[in-house]
Amino acid sequence: MNTLTKIALPVALTALPVMGLADEGPVAGVNASTDTVFILNSLLFLVGGFLVFFMAAGFAMLEAGLVRSKNVAMQLTKNMALFGLASIFYYLIGYNLMYPLGTWSVEGVLSGVWGPGILEAVGVTADAADDYGYASTGSDFFFQLMFCAATASIVSGTMAERVKLWPFLIFTVILTSVIYPWSASWKWGGGFLDAAGFLDFAGSTVVHSVGGWAALTGAIILGPRIGKYKDGRTVPMPGSNLTLATLGTFILWMGWFGFNGGSQLAMGTVGDVADVSRIFSNTNTAAAGGAIAALILTQIMYKKPDLTMVLNGALAGLVSITAEPLTPSLGMATIIGAVGGVIVVFAVPMLDKLKIDDVVGAIPVHLIAGIWGTLAVVLTNSDATIGAQLYGIVVVGAFTVVASTVVWFVIKMTMGLRVDEETEINGLDMAELGMEAYPEFTNG
Amino acid sequence: MNTLTKIALPVALTALPVMGLADEGPVAGVNASTDTVFILNSLLFLVGGFLVFFMAAGFAMLEAGLVRSKNVAMQLTKNMALFGLASIFYYLIGYNLMYPLGTWSVEGVLSGVWGPGILEAVGVTADAADDYGYASTGSDFFFQLMFCAATASIVSGTMAERVKLWPFLIFTVILTSVIYPWSASWKWGGGFLDAAGFLDFAGSTVVHSVGGWAALTGAIILGPRIGKYKDGRTVPMPGSNLTLATLGTFILWMGWFGFNGGSQLAMGTVGDVADVSRIFSNTNTAAAGGAIAALILTQIMYKKPDLTMVLNGALAGLVSITAEPLTPSLGMATIIGAVGGVIVVFAVPMLDKLKIDDVVGAIPVHLIAGIWGTLAVVLTNSDATIGAQLYGIVVVGAFTVVASTVVWFVIKMTMGLRVDEETEINGLDMAELGMEAYPEFTNG
Amino acid sequence: MNTLTKIALPVALTALPVMGLADEGPVAGVNASTDTVFILNSLLFLVGGFLVFFMAAGFAMLEAGLVRSKNVAMQLTKNMALFGLASIFYYLIGYNLMYPLGTWSVEGVLSGVWGPGILEAVGVTADAADDYGYASTGSDFFFQLMFCAATASIVSGTMAERVKLWPFLIFTVILTSVIYPWSASWKWGGGFLDAAGFLDFAGSTVVHSVGGWAALTGAIILGPRIGKYKDGRTVPMPGSNLTLATLGTFILWMGWFGFNGGSQLAMGTVGDVADVSRIFSNTNTAAAGGAIAALILTQIMYKKPDLTMVLNGALAGLVSITAEPLTPSLGMATIIGAVGGVIVVFAVPMLDKLKIDDVVGAIPVHLIAGIWGTLAVVLTNSDATIGAQLYGIVVVGAFTVVASTVVWFVIKMTMGLRVDEETEINGLDMAELGMEAYPEFTNG
Amino acid sequence: MKLIIATIKPFKLEEVREALTGIGVRGMMVTEIKGFGSQSGHTEIYRGAEYAVNFVPKVKLELVVPATMADQVVETITKTAQTGKIGDGKIFVLDVQQAVRVRTGETDADAI
Amino acid sequence: MKLIIATIKPFKLEEVREALTGIGVRGMMVTEIKGFGSQSGHTEIYRGAEYAVNFVPKVKLELVVPATMADQVVETITKTAQTGKIGDGKIFVLDVQQAVRVRTGETDADAI
Amino acid sequence: MKLIIATIKPFKLEEVREALTGIGVRGMMVTEIKGFGSQSGHTEIYRGAEYAVNFVPKVKLELVVPATMADQVVETITKTAQTGKIGDGKIFVLDVQQAVRVRTGETDADAI
Ligand SMILES: Nc1ncnc2c1ncn2[C@@H]1O[C@H](COP(=O)(O)OP(=O)(O)O)[C@@H](O)[C@H]1O
Ligand SMILES: Nc1ncnc2c1ncn2[C@@H]1O[C@H](COP(=O)(O)OP(=O)(O)O)[C@@H](O)[C@H]1O
Ligand SMILES: Nc1ncnc2c1ncn2[C@@H]1O[C@H](COP(=O)(O)OP(=O)(O)O)[C@@H](O)[C@H]1O
């Protein structure tokens, strides 16, 4: 029964016997046993991991809903394929590149561990566990892999409706095997950014901005969709299914509890589980702040609320709180998220002014709100310095832009990046896949 | 391996060594340590909480699928916005209004704690924890917030396709900051209904009926959709997408495991986790009973099964078991759920006879099945009395009806509640949002 | 913060105080307490269980997306109804038929326990628990029930667009109350297949092949859809909504973490949780392998990738790893899954050659990949013998084929299995349900 | 025989159909279309970008009737579909040379 | 030239198209429509409320052919689309003044 | 008056509409159709099975204009919709006996 969930212990106990605890023996100690800590930490990774996994479905629905139906099947193919490739290549190269565990080939800059990730033996024992005092390697691998895949998902939305399938997938391979893990190692692998005091709890910069920067460079090199910008005006190309876009947003929102909550990386102590609880609450309220801010702002600016902006606003709120979901109060978390929502409302048309065609708004959501979130850490975390935060943002940004640009250009030169005009006009589904997402509906 | 999951311990042990437990040391004590209990209780709230969160997506899909496509984008906007507002206002006012923890301004009637909810400090220690013997405040807040949002979601479906966006959202704010938390405090805050022996485990009355009563008063004050009732006949207005309505139902079904299971409020003892297991099983079988009852009944009554009734039936089964998901046997739980399914099949046309236009069937599902479920507690829980149950139903119902009526009327008088005729005919999407959910499909 | 998740204990500790653990007391023992083990094992079942539950939504979306829109509402009705019936009949008969706990009426062949499943009492105590050393009965029931429902879901997809509702549901009742539980008892109930050394960790054969065999016999007895095979050619009948088919695949993928991970059946020791972690990782990489293999293969064979094959490929990868998700390395798991993906690409057209009309590809995915997965156990598990694996495959296959054939025929003779030609041509939705999934879209 | 093509506001369809049945029309073809006309052209905003909505959802009726019945049909549609607000629609009348009922092969008058 | 408008049962579309190609028709326009006719009017129940299904899904073909070919086209459609069951559809023939092929600007006979 | 039926490539719709407005056309009906013609017939593969794509998405315009304006309209459409690639579409012109504006009951010239 739901009564008095907040009441103090004694009361709680008097309430419990009803539930048959009357004849329980004395409590065995205070802290959780070492095994229990190991199990609970691993469990956090596993639960957080499947939640972040589900974000792949969220990205797929969001993007499928925001592209025109003639490109939906292709967008779905890209999302399925990129997740599969991320899973394989993060395993083959990325994981050890990201977590050198102190073994560097260039101290703090480049991992010294090469080759595929290896898990603990079946039925490993305490003494044989890689890190008995902490958590199982498999759970950590599972959790970290999902972050890598999320980074790749960010890129596909921006470049939708015009990028060729295979060139895009090749970029994904390099992003997930090298670009993301390498830059991530500087912070989460204990590299020089970590040493420099750069703070990024769950990855506003390490994950979202990296995806955002890669998307930005890609969008610029790829150019806008045909007809998107006509004699100075921006021509809207409404998404084909806002219901699925909304579903995708809700799924991403849920996944984010795993994304940020799991990034506490431990649940085996009172302090840790209380922190995970704070993070869940802050993550939710930041998303709410972002959605409501976008709702009100579009109502004021355009006299009508814009659902797609509300969706982007919620996501921007989530990205904004990702760099520091623990230390803010609920109120501050709401504000940090709301600022993210505001950013989106202004950044989306701004990008259009610059003729940068971002089909789903991934750049405002993941890159710009990601930068904001990374800076916002200083508001609530005394360990953070604006200098260190800027340093991290710039270093990661510069690296990602340069690396992505090189890769995009090499691909463009060699195999070409963009479908031909007729294919783009008729839709990628018919031309590149020979398959329509909605074959029965008569669309133009 | 899946063998013999039910066999007794010894057998299990002989089976286990395979999994490398051979060399484990002796077990440390019997009960879980205090820390472990705290962690496990909090974990139940967190997992239950994200499951209930996902119900927001379920409501959104169910409602988007059951309205006509010209109103889908608006319905999605309402669902996103109401969740955002519920998150913010439950934090600002609702949480402390609902859980006075014994500090009443009017004993057992009105909380004495005002202002926003406050979580435990970062990395809180055992001694500093608000309730070390129980669970983290953040996890409790997260879990309870989701119940508040669910209440608001119930209303949006009934009033779809004709209510204005902002007036509806203003009602949502008052519902989530005052009406729901205040009435809930009488039971779950340890108020006078709790003292009176009224039992409502997970909220058939406290949550679902409150949403249902608010929806009922709203539907009456708002009036039916244009053309819904023509010279005595009810004119069906088929939902635009039953696939999404079905998806929404499955999502709600899953979320309900968190809704009811989490309401056990503890998982740190053998008895508690066994109870949570009972609840999961009973919740599932009640939904099954409701769905199958509606399936068979519509087949018999109409010669053809009605999918939308089956969906409503499953949900009615869930609402019916919510007041007492623990004490019934699996068989009894199935029957309680089945009765819920029967209720829906009869209540839906009955409401139409009364010219009460409930677009998605929320009133039969949440209100009427909610009352049934609350009464059904006496069937299996000896602590329940029909008197106390009726008392709770009437008190909560009367309060919600009066409060909602006042709010609806004030809104109606001041800013108006309903869109103009032309807007309603052309669809709220074009007129109020200037945005269509399916812009490419040529709908009438 | 996310730093150094893989580092060794000492470092971790130095990092932890930040999170307020500084003043924690000494650790209470090494192993988890008996209660804690019981709780954690039960928790694994509950979390695994709701994940597998969600697979019902995945199947519903996959199938709704792959049938033509004139049959979507019927397909949804079947999926909702079969889950409800599975829940009820597995409870009434199946559960005890599947888990005799050593009480056989025919030793190792037929359970001696009849009647509905019974859970532990409310608030059960350690001494009263059915299996204190293991887990709560309710959690086990909940978990096992979901496997039974999954088996039934497999059948509905293959027979879509032409089978009558009620005859199909009657088959479902017999499948879920007798055929599945009975055959499953031979392995997971500790019957003769288990004794014979047949290994099937999470059910490539016990669950997926059983569903697949039932679907195969059904498809043959039912015959192909009108116009599917015309003068030697296969006429494609494209699915109406590939977005929902993709969503369904992602949902199934996520559910599979519960399906395979939960089948470890224990999480209360370091070894168990580390194994669950291995299983999560292997399950994910096998799905990735299957998806990518199908992607590349269709590109090579048809010059264009086939999204529906990629979806089937991911699922085939999941089925392939299900018989042994624990012992393979990540690399081997990827390969096992990839082979599953290859199987699908060849098996789908092969079935068409044989004029066996499998609407969603369930036979290649669940049956053929299931056989492959069962054989693949010998690659990584030294306890497995090719002989025992073949023995299990043949015994389960023969039994399911014979049993299903009998049931299908009896139904065909008595009430008929297939809708009349006109109904099939106009779509089952209008004729059998009088309800369309997308009433507003003008489809042919 | 005459082919009468009428484009009306979607919500008027049912009413018009009933009215036509009332005067003895036994069949028609209905198509969902987008209409462009004086009603069109208001501007909307999508993701911060203004655009003109040029097409309005309409329904198109096509029915073939005996010449003698044409005027009455046109009248009935005009009366029933009229709201007086811009965008009510148009009616066009064309000559039809021949009509055939597929089921029976009957032609012309017997076909409709 | 003649414009031939035919409304048939959707599942007959492919067959009719093949038959027409067989007699040398090189193009047509196909529209999904809702048909109202004698076939219509059976009642369904939705959420407990009875309602009449007045519109049946149909497919409409429009093709322009040389006058000389019209009769053969009408015949072919009639033959192929016929099931003998109510609702098979109708065929209407109208005069066409002019035809143009957009790609080339060719007119009339050369355009179709 | 003339009824001008034009089927064009969907992506040309906006351009054609603008061009027509330019020459004073004040309204039209637009329908999404599937076109069959010389452009059709390339084969695709779905789940391993080959099949011919016989229908291509097109847009159909129907507009009624004063006889005097017909040629100019046909010209304008031809010019604007032309890509020179196969599948550009067709234009057909038919006689219209009568036109009515539902809102006002105005007829013929005043109606369009
Ligand atoms: N010249 C025309 N030819 C064909 N259809 C037309 C023409 N003019 C208008 N229509 C159709 O009639 C509808 C209503 O016309 P409109 O000018 O918007 O309002 P009104 O008929 O009240 O003046 C348009 O949406 C279009 O579908
Ligand atoms: N007078 C008419 N004008 C235009 N279309 C018609 C007319 N009568 C029938 N139709 C079309 O023909 C279809 C079949 O006609 P119906 O009367 O139902 O069957 P049948 O042609 O076998 O008598 C209808 O659905 C409608 O689309
Ligand atoms: N005889 C016809 N009658 C009606 N519409 C036609 C006819 N022939 C072609 N069409 C329409 O014109 C479109 C283009 O014709 P097609 O032969 O494919 O290319 P093109 O016009 O360049 O030769 C077709 O898709 C079809 O919609």
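Just so we're on the same page: letters track the sequence lines, and every chain starts at 1. If you're wondering where the values come from, they're calculated on a predicted model, not measured in any experiment. We use all heavy atoms of the structure for the numbers below, so side chains are in, but hydrogens, waters and symmetry mates are not.
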What part of [X] is in contact with chain C, defined as an atom under 4.5 angstrom from a non-hydrogen atom: side chain, backbone, both or neither?
X: A/F53; value: side chain
X: A/L244; value: side chain
X: A/L199; value: neither
X: A/A121; value: backbone
X: A/E432; value: backbone
X: A/L165; value: side chain
X: A/A431; value: backbone
X: A/L169; value: side chain

By a 4.5 Å heavy-atom criterion (distance strictly below it), what part of [X] contacts chain A: side chain, backbone, both, or neither?
X: C/L330; value: both
X: C/T308; value: both
X: C/L40; value: side chain
X: C/T246; value: both
X: C/L43; value: side chain

Ring pair (Phe, Tyr, Trp, His ring centres under 6.0 Å): which pairs involve residues 279-315 of chain C, sequence neighbours left out?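 Non-adjacent pairs meeting ring pair (Phe, Tyr, Trp, His ring centres under 6.0 Å): A/F142-C/F280, C/F257-C/F280.
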
Please report the shortest heavy-atom distance between [X] and [Y], naming the atom on each side.
X: C/V273; Y: A/S42; result: CG2-CB, 3.8 Å
X: C/F250; Y: A/N79; result: CZ-O, 4.3 Å
X: A/S136; Y: C/A274; result: CB-CA, 3.8 Å
X: C/P238; Y: A/P439; result: CB-CG, 3.8 Å
X: A/V124; Y: C/D275; result: N-OD1, 4.4 Å
X: A/A81; Y: C/I292; result: O-CD1, 3.6 Å

If you tally heavy-atom pairs under 4.5 Å against chain A, which of [options] wins?
options: C/D306, C/L44, C/T36; value: C/D306
options: C/L242, C/V276, C/L51; value: C/L242
options: C/S277, C/G290, C/G289; value: C/S277

Residues of residues 58-65 of chain A within contact distance of chain C, non-hydrogen under 4.5 Å: A/A60, A/M61, A/A64

[X] side chain near [Y] side chain, heavy-atom distance below 4.5 Å:
X: A/T77; Y: C/L295; result: yes
X: C/V47; Y: A/F50; result: yes
X: C/S329; Y: A/I118; result: no

Using only atom types and a distance under 3.5 Å, with no angle test, would you say the side chain of [X] pairs donor to acceptor with the backbone of [Y]?
X: C/S281; Y: A/G138; result: yes
X: C/K304; Y: A/M435; result: no
X: A/Y91; Y: C/G331; result: yes

Please check if any side-chain donor atom of C/T243 sits under 3.5 Å from a side-chain acceptor atom of A/Y438, or the reverse.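 Yes, because at least one side-chain N or O of C/T243 sits under 3.5 Å from a partner of the opposite role on A/Y438.
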
Criterion side-chain contact (heavy atoms from CB on, under 4.5 Å) on A/F83 and C/N284, from CA distance to verdict: CA-CA 10 Å; A/F83 188 88; C/N284 184 72; 3.3 Å; yes

